[in-house]
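Here is the naming used below: chain letters follow the sequence lines, and residue numbers restart at 1 for every chain. Computed from a predicted model, the values in this text were never measured in an experiment.
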Amino acid sequence: MTTLTLIIYGILIVILTIAGTFDVIKAKKHHDRYKLKSSIYAYLILLPILMLISIFVLQPIVMGLAFGFTDYYLLEPNNIRFIGVRNFMDLMDQYQARGDIYHAFRNTIQFMVLVLPLQIGSALGLALILNHARKGNSYFKVAFFAPVVMSLTVVSILWLQILSPNQTQLGLMNTIFALVGFPPSTFLLDGGVAMYWIVIISAWQGAGFQMLIFLAGLKNISLDMYDAAKIDGADDFEITRFITLPQLKPTFVFVMFTTFIGASKLLIQPMVMIGFKNYSMTLSYLIYREGYQFRFVGYASAIALIVTIFVGTLVILQRRAMKEVD
Amino acid sequence: MKKLLLIALTIMAITGLFGCEGGSSTVNKDGAKILNMWVHIAGDTLEGRAYRVRAEAFNEANKGVYEARVEFIPRGGGGTGYEDKINAALTTSSLPDVITLDGPNTAAYAKSGILLNLDDLIPQASKDDFLPSALEQGMYNGSLYSLAIQESTTVVYYNKTMFVQAGLCASVETCNPADIKDPTNNQVLGISLSNPWTYNHFFNIANALKTHFNTQAISLPMSQDEMITYAITPFIWNNGGEIVSTDGLTASGIFNSAANVEAFSFLQSLFTSGIATDVPVDNGFYIGTYPMMLDGIWGVPILEITYKNEIPHWGVLPIPVGSTGDVYASTGSWAFGVTKTSKNAEGAALLADWMTSPESTNYVTAATGLIPAKISALNSNTAYNTGVRAILKEQLIQGGKARPSSVAYPEITDTFQRAYIELMVTSNPPIVQAVLNQYAASLQTKLNRHK
């Protein structure tokens, strides 16, 4: 690992030196003493942040990529061997055996497909409602944003209590069910519905943040456009359909990509509320489990690499689709 | 002034960073060699204090030669905290001389070269004094790598008052295992370890209790953790099944064997017939909701002290047996191991041996309520001569069996827990063979990584 760190630093220094040398040569050629001095200062100023980026961003990415092709076992950190694509072949075997990777992919995709419209739809709806000046708007903004500032672990524990099926400590939801005469439900223990609850909880927790971004987007729309539409006789629906939503598109694209990437990293909610089960494991949960509990860092890195390619491909496809709509 | 301050801070930061590199001294001021030891529990708990006292006794007995320094690193949920610290120490080569480890981790730690082979470092008399199950837990490839601190086992706890009310016993005074009746024919079963009760007896008794009290008869573990593997594996073993092969690297055909399918089907029948539930009431046995509970030996002090008013009359039954008639019982606990990186291997082995000596195991088990891991300690402890503790001791000696000794134990126990949880549901139970086939195939691909 130390060797890898040194290699990364070496590459960084080489890049900086080459860039600096080019600048110096260029400055000397033009007899520009001011540029020479400012270039040196610029590189010196850049150096600390570049070092930090290399330590905390570049190095983990490079190591993650590299480990995917090794047999790195957590208990044997000094015995890491290159094994080619064996991890990927093992993952294929796991997938064919309907093992963990199969369930993780299925659950993650299911979550992404369900949470995206629900969370973005809720956020947009709330933003459109709160965009009009009304009494008590601030209260609602705070109320809708409050879950965002709460830790996901806290939110998960809170919902765990609400959905508790335990007879001695019946959760709020089952208490309401009992009051209206419904039979009690096992909620998160039921593999058929557990993911839907995770989707609902995640949308509830995250929608407040997207709502604020949508609100900012709405505030940026010029009032002149609304006035012009009104003069032309447009009603509220037409204004929303032809002015608000098209003008919100850049915001919408940003929200969609960030929510999409966030959804692909689902971990805390199933981990805290359910545990590692076929119906609750996600790709991030599997990476954690393989890397830390089963100690196969190489194998976990291979999954991470596949996830990166998977999410990256979907993002690119989304971007293309959005461009085609334009 | 500002420049000076900046320079001073920079120097402090740099020296602080490099200061981390410096290791602790290996010899104390009296010239005694320092032995660093990590323990998985908080120092202010009863168990933690017991380790501290025994380490201090070691220092007293080896004054001027060795000094044991204990660091307490509490273990969090899912084994985090302590294990994370060990993993981190591995990457920085900063493991202490002696560590505690969960018994089933022995194989993985030994194979990875973390633990030192103790075959020649521990006296034969000391090795011979371990309970067979405790010794088995510490072995890997025929060699000894870890020394058990204490032992444990699981039993079926039963509420004598409720048994009498359901007509399974004549009175609470005469409601010992040998006096319990089979409700289908009213015959006294005479349950003992030499005359074990069968899965059929167990089902009939539980069913009678369920019918009488109109509630589930037994609390079975349903939280997805090690307790499931620990408590449920005897039901597999007692039916002639195994989880994986002896070398711990084959699951296909073993995890989904006919014996395992039969054992899991029996367990599933408890849930589908309403004898057990997948959403058990917390402390259901202790508060008198369920007449039976499958739990470890730690239930004994809880019943004797915490719930003595709620459940004044209770007893323990051995684990029932399946088609083979063999009695196996779960065992295992934490152990001491010497790290391969220790510069004082002999001293470290001496410390590990001391911490698991009859005196130490008696002292520690007095705090934890578990069973001493040394035969001589167990024999000298009169508490295990009569009553429920005698049954626990007898079951442990007669049928104690360690969980699979495999480098892939984390994967094995995870698979077992998930298969159990998936099968033990009260509504729409899946087909046992299909579920076990799927998990066996998945587990096999994981085990192949270790080959």
Original post:
Which atom pair, heavy atoms only, marks the closest approach of A:His103 to B:Gln438?
Top reply: NE2-NE2, 3.3 Å
**OP:** Examine whether an atom of A:Tyr73 lies under 4.5 Å from a heavy atom of chain B, and if so say whether it belongs to the side chain, the backbone or both; otherwise answer neither.
**Re:** side chain
**OP:** Measure the shortest side-chain to side-chain distance between A:Asp90 and B:Asn448 over non-hydrogen atoms and say whether it is less than 4.5 angstrom.
**Re:** no
Subject >> Which atoms of B:Tyr409 approach chain A - backbone, side chain, both or neither, heavy atom under 4.5 Å >> reply: neither
Original post:
Of the listed residues (B:Asp225, B:Ile421, B:Asp414), which shares the most heavy-atom pairs with chain A below a 4.5 Å separation?
Top reply: B:Asp414
Original post:
Between A:Asn278 and B:Glu422, does any side-chain donor sit less than 3.5 Å from a side-chain acceptor?
Top reply: yes
**OP:** Counting only heavy atoms closer than 4.5 Å, note whether A:Met281 contacts chain B via side chain, backbone, both or neither.
**Re:** side chain
Subject >> B:Phe271 atom CZ, over 12 foreign heavy atoms within 6.0 Å >> reply: yes
**OP:** Please tell me if the side chains of B:Glu83 and A:Gln293 come closer than 4.5 Å, counting only heavy atoms from C-beta onward.
**Re:** no
**OP:** Check for a donor-acceptor pair, side chain of A:Gln94 on one end and backbone N or O of B:Ser442 on the other, with a separation under 3.5 Å.
**Re:** yes
**OP:** Measure B:Ala408 against the heavy atoms of chain A and call it side chain, backbone, both or neither at under 4.5 Å.
**Re:** neither
Subject >> Pair B:Arg449 + A:Glu290, salt bridge at N-O below 4.0 Å >> reply: yes
Original post:
More than 12 foreign heavy atoms under 6.0 Å from OH of A:Tyr196: is that the case here?
Top reply: no
**OP:** Of all the heavy-atom pairs spanning A:Asn78 and B:Ser93, show the shortest one and how long it is.
**Re:** ND2-OG, 4.4 Å
**OP:** Answer with side chain, backbone, both or neither: which region of A:Leu189 has an atom nearer than 4.5 Å to a non-hydrogen atom of chain B?
**Re:** side chain
Original post:
Are more than 12 heavy atoms from other residues, nucleotides or ligands located less than 6.0 Å from atom CZ of A:Arg106?
Top reply: yes
**OP:** Nearest 0.5 Å please: distance from the CG atom of B:Leu90 over to the CD atom of A:Glu76.
**Re:** 9.5 Å
Original post:
Would you call B:Lys446 and A:Asp100 a side-chain contact if the rule is heavy atoms closer than 4.5 Å?
Top reply: yes
Subject >> Worked check of ring-ring contact (aromatic ring centres under 6.0 Å, His included) between A:Phe296 and B:His450 >> reply: CA-CA 10 Å; A:Phe296 278 97; B:His450 290 272; 4.8 Å; yes
Subject >> Heavy atoms from other residues, nucleotides or ligands near CG of A:Leu47 exceed 12 (cutoff 6.0 Å) >> reply: yes
Subject >> Within 6.0 Å of CE in A:Met150, more than 12 heavy atoms from elsewhere >> reply: yes
Subject >> From A:Asp190 atom CG to B:Asn428 atom CG, the distance as rounded to the nearest 0.5 Å >> reply: 8.5 Å
**OP:** Check whether A:Asp93 gets within reach of chain B through its side chain, its backbone, both or neither, counting any heavy atom under 4.5 Å.
**Re:** both
Original post:
From A:Lys277 NZ over to B:Arg418 CZ, what is the distance, rounded to the nearest 0.5 angstrom?
Top reply: 10.5 Å
